[in-house]
Amino acid sequence: MKNIIKIVSVCLLIFVTSCKEQTQKEVKPSTSKELTKEINDLERVEPPHWWTGFKNAELQLLVKHPNIGSYTPEISYSGVTLENFHQADSPNYLFLDVEISESAKAGKFNIVFKQDDGKELVQTYELKSREKSAEDYIGFNSSDAIYLITPDRFANANPENDEVEGLLEQGIDRTHGYARHGGDVQGITEHLDYIDNLGFTAVWPCPVLINDMPRGSYHGYAMTDFYKVDPRFGTLDEYKNLADELRNRDMKLIMDQVANHCGLQHWWMKDLPFKDWVNYQDYYLENIDNWNRETTKMSNHRRTTNQDPYAAKIDNDGMSQGWFVPDMPDLNQRNPFMANYIIQNSIWWVETLGLGGIRQDTYPYPDKAFMSDWAGAIMTEYPNFSIVGEEWSYNPLLIAYWQEGHENKDGYDSNLKSSMDFAMQKHIIDALNEEESWDKGLVKMYEGLANDFAYTSPKDIMAFLDNHDKSRVYTELKGDVVNTKMALSYLLMLPRIPQIYYGTEILMDDFDNPGDHGLIRTDFPGGWQGDTVNAFTGEGLNAEQKDMQNFLKKMLNYRKDSKAIHEGETKHFAPFEGTYFLYRTHGNETVVHIINKNEEPIEIDLNYHEEMGLKGKTLKNVITGETMVWGDSIKLNEKGSIILSTKL
């Protein structure tokens, strides 16, 4: 990673070149004081605690308290040094630059804040010991299959937390697509056996941090406190328990994070630390009483400006600095204090939950130099970790640009291991919906996979068929069950990290209003008391739904132990007479995936595939268990996919 800029680099920038509005004060040495009791005089200190033993010894504390800018802080704890502190534009903030040496031990100590008149405020701070080494934080990879969940719509284990007094949005209404329905973290935990038995190895819940917003708070992407779990989803302990229970099953928790924006009701929006804490801040404050979609300076959403060598500066700025929506202030990562805050928050959650990966929302929207620093700081601390960034583009060139190690003409290195394969999603849908011709149908899949020449590491890209923002695959494939099976089996055969959205296994759809987010994020049947259909047990499912569940279960559980699919050589043959053959090979294991779009029986000459070396070998059908000997030809009796393996 040639362009990693660690957190320390940002801290040095703060130390050397502070903005004219920022005032630095001289740090005075203090007399060592032994901690006798915990004292918490201050309104807020973030991160709320930290750890010893990081490669980067620098920590920057955000301190929020009325008139705290007039105080001088002191720290006296062995191995911990207060290097500097900074006043903000608001008098109610201080930012403390702290160095934690290798000799520092876990423990609690007091930070003392003094005024010239002798008044003191005291805050007890804790350094913890890390529970495992940095190398043991193993991220998701091509051996994983990821189950994406919208927590509010999956399962309601604790109806007592459905409403929380004091929050802006109250009430549960399961008939309303954009109201809260009551799903929670405990609901995910209680159904991990179901997810595990299906064959998934990782769970990605949409964000569960608090969204104290007046409406639409269920989705999680308008965070109002980056260190607090939404109490309607549960507690921090319940979030930790979910991570623990996943690890007990040798599964991983992926956290959905947002570096681009926060919610309009975030606590700091009522008292912004600096004049440039969010983008277009002055304009927002001038129009705060009439803030709506018409007055908001929105992002132009022209994501190609990140790569476009001819992009006008105004277009580039409009992309990265405009607000995503009026209720989501656009964070200014060019402010070094904001940059530190976001990086440290990500690391805090990795350490707190023992994460198996991060999914970063709206990846191309923040300042792209910062995003390289952000990913680089995390991957420096956790070299075996994984991060996937959302680049919603059907252009493989843009997907490739964001992956670490890609030789970009502008020299940009993202430090990002994985990006999301929206291009492949579209190719699969088009291939199965279109009638076969020279340039339509299965050739879309074939040529889509051929685009892997552009990718630095195709197997580290995350592929999917649907998610919380896109119409469900069963809907996009026009209710065709056979086509849906072909799409899913192909996805699970690719040199990719596959992600499947909850409910795909039971053919959940959005036919009534295709693309509507509230409908895409439908309640999972059986997750609520009184549901007449229970997909967790199979009760009430129709025959097609049960068959799809069983199909995916067999496919996923085979994939779980298939080295050929995880890391094998990929070979495919150009579509021929409505069929398409894909091979994955590793050692003695070859897996063959055959897609057949023909309604009538057809026989395919296998001598054309002689280079695969399968002639005379016995292969087993992964789904049915039947065996066959690979000969001169294969007869395909019906439309659908066939998955064959030499591993008997």
Side-chain angles (χ1 to χ4, degrees), residues 10-50 57-101 104-105 107-128 225-228 266-278 281-282 285 335-341 344-345 348:
V10 183
C11 294
L12 287 172
L13 175 63
I14 299 168
F15 182 79
V16 176
T17 59
S18 183
C19 299
K20 65 181 181 180
E21 293 88 1
Q22 301 162 7
T23 303
Q24 298 182 6
K25 290 189 176 182
E26 180 183 357
V27 177
K28 298 179 181 179
S30 61
T31 305
S32 179
K33 294 183 179 179
E34 185 176 345
L35 180 63
T36 57
K37 66 175 182 178
E38 292 188 32
I39 304 173
N40 296 290
D41 288 337
L42 301 187
E43 177 183 322
R44 186 181 297 270
V45 175
E46 292 181 345
H49 61 261
W50 202 244
E58 303 295 330
L59 171 67
Q60 187 172 88
L61 297 177
L62 177 155
V63 178
K64 171 74 161 59
H65 193 78
N67 203 35
I68 194 66
S70 65
Y71 287 74
T72 298
E74 297 177 359
I75 294 176
S76 180
Y77 186 73
S78 180
V80 177
T81 305
L82 177 61
E83 295 286 349
N84 208 346
F85 62 98
H86 313 265
Q87 288 179 329
D89 294 322
S90 166
N92 303 320
Y93 290 87
L94 275 180
F95 289 81
L96 279 56
D97 295 340
V98 178
E99 182 174 319
I100 303 168
S101 73
K105 303 296 183 185
K108 296 180 180 180
F109 57 90
N110 284 337
I111 307 174
V112 180
F113 297 82
K114 296 182 177 180
Q115 277 191 327
D116 293 340
D117 61 5
K119 183 179 179 181
E120 287 189 359
L121 295 171
V122 178
Q123 185 72 21
T124 301
Y125 199 77
E126 182 176 11
L127 287 179
K128 297 186 176 186
D225 190 325
F226 284 98
Y227 284 98
K228 184 177 181 180
H266 192 288
W267 59 263
W268 61 40
M269 295 302 295
K270 299 173 181 63
D271 181 11
L272 290 156
F274 292 104
K275 295 175 181 176
D276 61 350
W277 194 246
V278 301
Q281 185 168 317
D282 287 343
L285 293 174
N335 178 305
F337 297 94
M338 173 63 83
N340 264 343
Y341 185 93
Q344 291 177 168
N345 179 258
W348 191 90

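Along the sequence shown, residues are numbered consecutively beginning with 1.
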Could you tell me if the side chain of Tyr227 sits less than 4.5 Å from the side chain of Pro47, heavy atoms only?
yes

Do the two ring centres, one from Phe113 and one from Tyr71, sit under 6.0 Å apart?
no

Tell me the closest heavy-atom pair linking Gln281 and Asp276, and the distance in Å.
OE1-C, 3.6 Å

Would you check if Leu127 and Phe109 make a side-chain contact, meaning some heavy-atom pair closer than 4.5 Å?
yes

Contacts of Glu126 that satisfy side-chain contact (heavy atoms from CB on, under 4.5 Å) - sequence neighbours left out
His49, Lys108, Lys128

side-chain contact (heavy atoms from CB on, under 4.5 Å) filter on Lys270, not counting sequence neighbours, yields Gln265

Could you check whether any side-chain N or O of Gln87 sits under 3.5 Å from a backbone N or O of Gly69, counting only pairs where one atom can act as donor and the other as acceptor?
yes

Donor-acceptor contact below 3.5 Å, side chain Tyr93 vs main chain Leu272:
no

Heavy-atom distance under 4.5 Å between the side chains of Ile111 and Leu42, does that happen here?
no

For a quick test of reading the model, state the closest non-hydrogen atom pair linking Leu94 to Pro73 and the distance between them.
CD1-CD, 4.3 Å

Residues that Asp271 engages under salt bridge (Lys or Arg N to Asp or Glu O under 4.0 Å), provided they are two or more places apart:
Lys64

Under the rule for ring pair (Phe, Tyr, Trp, His ring centres under 6.0 Å), what residues qualify as partners of Trp268, not counting sequence neighbours?
Phe226, His266, Trp277, Tyr341

Is any side-chain heavy atom of Leu59 closer than 4.5 Å to a side-chain heavy atom of Tyr125?
yes

Just so I know, are the side chains of Thr72 and Phe85 near enough to count as touching, which here means a heavy-atom distance under 4.5 Å?
yes

If you measure from CD1 on Ile75 to CG on Leu82, what distance do you get to the nearest 0.5 Å?
4.5 Å

Do you know which two heavy atoms are closest between Phe274 and Ala88, and how far apart they sit?
CE2-CA, 3.4 Å

Inter-residue atom distance Ile68.CD1 - Gln115.CD, 0.5 Å rounding
8.0 Å

What distance do Thr81 atom OG1 and Glu58 atom CD have between them, rounded to the nearest 0.5 Å?
9.5 Å

Determine, step by step, whether Met269 and Val278 satisfy the side chain to side chain contact (heavy atoms under 4.5 Å, CB included) criterion, reporting the C-alpha distance in whole Å, the side-chain angles of both residues, the deciding distance to 0.1 Å, and the verdict.
CA-CA 9 Å; Met269 295 302 295; Val278 301; 4.1 Å; yes

Just jot down the side-chain contact (heavy atoms from CB on, under 4.5 Å) partners of Pro91, sequence neighbours excluded, or say none.
Asn67

So His86 and Asp97, do their side chains get closer than 4.5 Å, heavy atoms only?
yes

Evaluate side-chain hydrogen bond (donor to acceptor under 3.5 Å, both in side chains) for Gln123 paired with Asn40, printing each intermediate quantity in order.
CA-CA 5 Å; Gln123 185 72 21; Asn40 296 290; 2.9 Å; yes

With heavy-atom distances below 4.5 Å as the criterion, would you say the side chains of Lys114 and Lys119 are in contact?
no

The side-chain contact (heavy atoms from CB on, under 4.5 Å) partners of Ser101 (sequence neighbours excluded) come to Ser103, Ala104

Considering all heavy atoms of both residues, which atom of Gln60 and which atom of Phe337 are nearest to each other, and what is their separation?
OE1-CD2, 3.3 Å

Rounded to the nearest 0.5 Å, what separation is found between the CG atom of Leu62 and the CE atom of Met338?
9.5 Å

With Glu46 via salt bridge (Lys or Arg N to Asp or Glu O under 4.0 Å) - residues at least two apart
Arg44

